[in-house]
Structures are given as C-alpha cells and as structure tokens.
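Quantities reported herein were computed from a predicted structural model and do not represent experimental measurements. Here is the naming used below: chain letters follow the sequence lines, and residue numbers restart at 1 for every chain.
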Amino acid sequence: MRNRELAEIFERIADLLQIRGDAIYRVLAYRKAGESIRGLSRSVVGIWEEKDLENIPGVGKAIATKIDELLSTGKLIFYEKLIEEVPENLPDLLRIADVGPKKVALFWKELGVTSIDDLEKAAKAGKLQELPGVGPRSEQKILEGIRSSKKGRPERLSIGSVNPIAQSFIRRLMKIPGVVHAEAAGSLRRWRETIGDLDIVVAAEDKKRVMDEFLKFSEVERIKGQGETKASVELLDGLRVQVWVHPPERFGSALQYATGSQGHNVRLREYALSQGLSLSEHGFKGKNGNEILCASEEEVYATLGLPWIAPEMREDLGEITAGIEDTLPKLISEKDIKGEIHMHSDWSDGRVSMEDMANAALERGLEYIVFTDHSRSLGIASGLSLERLRDQRKKINRLRKKFAGELDIFQGSEVEILADGSLDYPDEVLEALDFVIISLHSSLRQDREKITSRLLAAIENEHVNMVAHLSGRLIGKREPADLDFEAIFQAAVENNVILEINSNPERLDLKDTHARRAVELGVKLAITTDAHHPEHLDLRIYGIGTARRAWVTSEDVLNAWPIRKFLDFLEKQKSSKITH
DNA sequence: GCCGTTTTCGGCCCGACTGTTTTCAGTCG
C-alpha cells in the first residue's frame, strides 16, 4: 500500500469522525497523522517492516496499530464499523465551499442528504433554509459552491502556471499609491509543486484604498469575501486569490502568518506560548497585553530567539527544532548554479541550434553546459543515430573552440533505458561521451519489481553518470512509476550515480520529499532544466525551490560545483563503478 | 489521539469574515 493511500484513509477517518461529532482533538490527531504520512520521505511499508511506526510524527500507539492492521490484513475493522454509522462518501460534501462538518451532519441527519446530488436537490427545493442556522443566503452560496465544484476545475494548479500571474498582480499592487511592500505568500512562497490559493500580503497605511483598487482588477470575476484587512476573489480562470493588507510596521508578522504552512505556524505559535508570548498575524502579545510589532519576518523569528527560517522549509518537518538547535542548513540558491548538464538542441527535439543554446547559457552566467540530446530509439524525439552522434561531436568540437575561455561545452546524451534494462547505445559509444544521462520514457507502468530492477540494472552500468526525472511523473497528468525509491537511492550511492531534480514545473522530479530522503542517504543531486528552448533555462527557479524544500545545500549538487570539481567527480565516477 | 526545554496528564494557535443571530457559530486558512 502506498503512503498516499494510507494518508487518504486516515484523512477520511478524520472527516467521518468530525461529521459524527467526535472530540475535535481526536479528529485533528487523525488528520495530522494522515498529513504526516502524506509528506513522509520514505515508504511507510519500510518503516513498518522495521517496526518503527510510532516514530512517525503524529502517529502514536492507536494509529500505529491501525496501520499495522491495514498493512498485514489489507483492511481496518475500525474503519468498516465507522462507515456503517456514517456514509462513506459524506466527506465529499466538505469539498464544497462554505460547507463544513457541522452543516454536513445537519443536512444528513435532518434531510437524509448523502451526496452532492442530494444536496443540490434539497437546496433547489428550498429545504436547507428551513433548517436552524441556515438562511436563504447560505442556501444560495451552497448552490453556487456546487456549481463551481461541478465545473471540474482542478483544486490545485501547477506552480508554473500560478507564478507568472502572481508576479503580475504584485507589480500592479506595488503601483497603488501608499503601497510599501507586496509579496506572494502561502504555498507559492514555499515553492510547493501545486498551488491551491494565491496569497498576497501588502503593506500600506491606507488599507481601504488598496482593497478598493485590488477588487477593480480586470481578472476578478467574483468577490468571495471582503473585509477590512482581507479580501478573497475568484479570477476568470478559476484561480482563487487572497489579499491581506497590513500596516508596514506589522508586515513581518502578516507575511509570516500568510506564508504558513498551517503546521509550521501552529508549532511556532506553541513555541511562542512556551515563552509567554501569543503570536498572530498582527504581532506578539505579552501576558500583560504589551505588543511587539514586527516589520520584517526576521524580527518575528528573532523575537523567539530563532534564526530566520526559509519559507521552503516551513512544513513542520523539523525546521523549528533545527532553528532552536541552530542546525538549519545553508540552502542552495539560484546563483550557486554553475552549469547546465541536461539540455537539448535541434539535433534531437530541441527547438534551436546548439550555438543559440550556448549563447543563452552564456547570457545566464553559466560556466559550462552539456548537450544531452536523445538517443536513437526515441524516434518521437528524433533520437540520434550513431552516425549523427559522431557528427554532433564534430560540431561540438568546433563550438568548444568558438566559446573557449567563456563557456565549456561537452557532449552527453539522454540515453533510453530499454524495456529490459539495457541501454540504447553500446558501451563503447557511452564511454566516448562526456556525460551519460539515463531515463525512462516508455513502459512506465511495469510493476514495481520489474521497473525497479530495470532501473537498478541501468544504474549499475559503469558509464552512467545521472538518472533524469526518475519517477517519470507529469504532475496532474501522469502518475509516477511504482518504484522502490529506497533501493534506487541506495544503488545511486553505491554506484556514485547522480539523481536529477528536473526543474520543469510539470515534472519536478525528484520531488521534494524524495530529494530530501536521497540526500539523507548520501545521494548527490543535479538541478537541471531539461531545456528544449533558450527560455526553458529560466525554469530553474522551480527546481531550486524543490531542492530548497528538500533542505539541499550547494555541496549536494553536482552542477553547483566549479568546473574543476565537476570534472574531477566525473573521473571519480569512472573509477569507482562496481565492475561486473 | 498525540505528546513533553513548563507536562506521562492536561493541554492542544489564532483571527477574519459571513450569515443568522441579537451575542455567536461555522468556515476558512
């Protein structure tokens, strides 16, 4: 059973218990356990085999026993009894805006509603407003909520699609007179791979003016809520945007609050309470009611005796403890990157010539690049035949001379791993390449054992330097391959093979939690763009964000190393390979 | 139900906004 399936079960239990009206802290415990499992960097099955379940944060005796039952028998008696009492699909109603557990319970008990269709019928018949605490306006809102949930818009959008919208909003908000700061917060600032709501925090004295101007932005389709300090709207394309306005002297605490995550904030506020301070978006309050205002986030953390914690780490995954102990890593940043080692040209499916790509790399301050066009069997991407590969080498040699002293250029290849685990070029061809990337583009749906051993066989090939986009997932479009990640990370360490964080926002592969686990085990990474066009070189910000979420430092990243160290490592890879 | 630089028992973040209410409950983040 995969972590996500386990997480879904416990999250559903939490919803069902809450609808049933159980004690809220019991509900929260199940929800927290579910979220914790979802965010885990390694498989629960592995932890279960080591009999270490209770070391998972949020998992105690009771939930550990339930995980054990699920993994050994495939079912959970507690859950089966629960859904005899509360209809299993009732939590689906919680997805509708402004419908929470109390209302779901009310509609179910009073009207027998057990599905969204039931609810819609009841609302249209005017049955909801006859219930206590529900009026005509609520009934109307619920109907709207059902309508928008039926439009089939995805609940979370790719960070690559939301980020440009955010930057445009921020530019325009900054132009409103009196605005001192405007900054994206929430999951975008934490560089999560998908974004639910776009959150923006603005610093200005005149709140009302900012609110009025914001609500007039042309993309705003519907105002969902509007108060003194906070407004939330839905855009024409369905994206939800929330804007907070706070006075500049409180901007730090407001930004900290809106950045989250919820889990991080709860833990930080608990830590504040342990020091006799109550923290909110407005600042700190002491026991005697005195206020401490924070214009910057640094002041928020410093007030608690902590170093500033990078937004990407704020997931309640040990960052506050690391802050207390002063062991936070120095995270990698974009300026640390020295080379691009996974990119394409028009020799295969890239859009421009090698020379144009080289110039684009130079413009972006890179010191070395590796062309890694596709290997021969990937016909759909015009993979290079042996002859074309030789021709490309000649061309690259000419380019090397042309760019000498400015940019070092190498010839690599993105080599297909064939269905049986062998590689798409013979060994002597691989040996002649400067850098060998291997990747899967076909037969991604093989079962776990088969696809894992296929990758392991490929990783053990002595000429392989790096594995690209390991899981093969396309976020929201294609599920990752069913891999034994733990085994692959071990093999990568043993064979000195690099694993890629692919920066394409549709991939982000390795993903954050896997990258963190890989580095824990001693794997070295690369942060590449897989560029097929000069502009793709700018996608690296997303890979950097993912790496920072994984607590990665520049020491962990091959293409953040200076050219000398990069080349030395390639030499070392050659000599350290397991021989067969 | 979980957890411990106040605790193995008694806590468990904090506030904005809305609608249905006359002071608050529910939802959301």
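Heavy atoms of Ile63(A) sit under 4.0 angstrom from primed sugar atoms or phosphate atoms, though from no base atom. Counting non-hydrogen atoms under 4.0 angstrom, Val27(A) reaches nothing in the nucleic acid. Lys224(A) comes within contact range of no nucleotide atom at all, as no heavy-atom separation falls under 4.0 Å. Using a 4.0 Å heavy-atom criterion, one finds that Asp199(A) contacts no nucleic acid atom at all.
Going from atom NZ of Lys61(A) over to atom P of dG1(B) covers 13 Å, rounded to whole Å. The distance from atom CH2 of Trp244(A) to atom P of dA16(B) is 12 Å, rounded to the nearest whole Å. The separation between Asp197(A) atom CG and dT27(B) atom P is 18 Å, rounded to whole Å. Note: CZ (Arg222(A)) to P (dT18(B)) measures 13 Å, nearest angstrom. Rounded to an integer number of Å, the gap from CG of Asn55(A) to C1' of dC2(B) is 14 Å. Spacing between atom CZ of Arg31(A) and atom P of dC2(B) amounts to 15 Å, rounded to whole angstrom units. Nucleotide dG1(B) holds its P atom 8 Å from the CG atom of Leu17(A), rounded to whole Å. Regarding Glu234(A), its CD atom lies at a distance of 14 Å from the P atom of dC28(B), rounded to whole Å.
Residue Glu315(A) forms a side chain to side chain donor-acceptor pair (under 3.5 Å) with just one option from Arg190(A), Arg192(A), His264(A), and that option is Arg190(A). Screening Arg20(A), Arg31(A), Arg95(A) against Asp15(A) for a salt bridge (Lys or Arg N to Asp or Glu O under 4.0 Å) leaves a single residue, Arg31(A).
For the segment residues 94-121 of chain A, residues with any heavy atom less than 4.0 angstrom from an atom of DNA chain B are, sorted by number, Ile96(A), Ala97(A), Asp98(A), Val99(A), Gly100(A), Pro101(A), Lys102(A), Lys103(A). Within a heavy-atom distance below 4.0 Å of DNA chain B, the residues of residues 129-145 of chain A found are Gly133(A), Val134(A), Gly135(A), Pro136(A), Arg137(A), Ser138(A), Lys141(A).
Salt-bridge annotation for Glu520(A) and Arg42(A): absent, with no side-chain N of the basic residue lying under 4.0 Å from a carboxylate O of the acidic one.
Here dT22(B) is in the anti range [glycosidic angle more than 90° from 0].
Taking side-chain N and O atoms only, Ser274(A) has no distance below 4.0 Å to OP1 or OP2 of dG4(B).
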Could you run down the sub-3.5 Å N/O contacts of the protein with nucleotides 11-14 of chain B?
from    : atom 1 : to        : atom 2 : distance (Å)
dC12(B) : O3'    : Glu270(A) : OE2    : 3.3
dC13(B) : OP2    : Glu270(A) : OE2    : 3.2
dC13(B) : O2     : Arg269(A) : NH1    : 2.5
dC14(B) : OP1    : Ser278(A) : OG     : 3.1
dC14(B) : O4'    : Arg269(A) : NH1    : 2.8

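Ring orientation note: the planes of Tyr542(A) and Trp191(A) are nearly perpendicular, at an angle over 60° on the 30°/60° scale. Between Phe169(A) and Phe217(A), the ring planes are tilted. Angles from 30° to 60° get that label.
Each of Gly58(A) and Gln275(A) lies near DNA chain B, and the nucleotide nearest Gly58(A) is the one positioned closer to the 5' end.
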